[in-house]
Amino acid sequence: MNKTAELEALLFVTGEEGLSLRDLSSLLNITPSAITQQIEKLSQKYQSDSESALTIIETAGKFRLATKVELNELLQHYAKTPMNQSLSKAALEVLAIIAYKQPLTRIEVDAIRGVNSSGTMATLQAFDLIEVIGKKEVIGNPNLYATTNHFLDYIGINTLEELPEINEGSLMNIDDVDIFNEKEITTNEN
């Protein structure tokens with residue numbers, strides 16, 4: 001695998017948290033100037049490909065993948081999707097994981113699920129069911145996520161202590177966790 005593909009993979013899995021030049025240099029074992037060249041090469045590839053929705057941005061010294069500006073209107077429309085639409089199975093999985101194990105990072109959610117959860121978590125944030133509550137004190141300072149008060153309203157409880165009890169192993173087999181019952185979903189969607 002070449003360094004450009006490795007860079008792209010790292011930017012993809014870190015999602016909105018991104019990585020600094022120093023972190024990328026350390027992870028890819030190449031100099032910061034070589035990382036800068038790879039970022040520029042990948043960025044030019046995205047910009048010249050009219051069929052790609054991606055671009056690379058730098059914010060607060062961290063590089064991350066983002067969607068091109070031309071797609072803003074479409075994505076804003078998507079983000080405003082009414083809450084009465086049902087959440088996907090993936091969204092319910094992520095929500096259950098965060099509800100029971102909060103606070104945690106997206107990478108920790110990914111490790112539990114075994115797949116990238118950045119899109120699902122963005123959807124849950126757009127629905128105000130989860131929020132960033134701080135940064136974890138590790139390399140890259142990833143965001144820490146927790147549920148919101150709106151989440152409590154959405155499932156019809158007053159505190160997290162009212163969540164049904166589960167054993168820790170159930171979060172590894174998320175299909176066994178059911179924090180939503182049919183009545184609560186129907187009530188909150190109307």
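- For the 3.5 Å distance criterion, the side chains of Q38 and T4 qualify, holding a donor opposite an acceptor.
- Contact annotation: the side chain of L87 approaches that of F127 to within less than 4.5 Å [non-hydrogen atoms, C-beta and beyond].
- T14 places no side-chain N or O within 3.5 Å of a backbone atom of E17 that could act as its donor or acceptor partner.
- The shortest distance between side-chain heavy atoms of P164 and Y100 falls below 4.5 Å.
- A donor-acceptor pair is defined here as one N or O able to donate and one able to accept, closer than 3.5 Å; no such pair exists between the side chain of S117 and the backbone of T120.
- In this model, a donor atom of one side chain and an acceptor atom of the other lie less than 3.5 Å apart for S20 and D23.
- Taking 4.5 Å as the limit, every side-chain heavy atom of T105 sits out of range of all side-chain heavy atoms of D110.
- Between Y145 and Q125 the shortest side-chain heavy-atom distance falls below 4.5 Å.
- Checked options R64, Q47, E70; the residue passing with T55 is Q47 (criterion: side chain to side chain donor-acceptor pair (under 3.5 Å)).
- Between K101 and E108, no side-chain nitrogen of the basic residue sits less than 4.0 Å from a carboxylate oxygen of the acidic one, so the salt-bridge criterion is not met.
- Residues K41 and L7 have side chains not in contact (no heavy-atom distance under 4.5 Å, counting atoms from C-beta outward).
- Checked by atom type, the side-chain pair N141/K136 shows no donor-acceptor distance below 3.5 Å.
- Side chains of L19 and L10 form a contact here, defined as non-hydrogen atoms less than 4.5 Å apart.
- Of the possible donor and acceptor atoms, none in the side chain of S26 sits under 3.5 Å from a partner among the backbone N and O of R22.
- Considering only heavy atoms from C-beta on, R113 comes within 4.5 Å of E93 through its side chain.
- Distance check, rounded to the nearest 0.5 Å: CD1 of I133 to CG of N143 gives 10.0 Å.
- Side-chain atoms of K68 come within 3.5 Å of backbone atoms of Y46 as a donor-acceptor pair (strictly under, hydrogens ignored).
- Counting only heavy atoms from C-beta outward, the side chains of I39 and L21 approach each other to under 4.5 Å.
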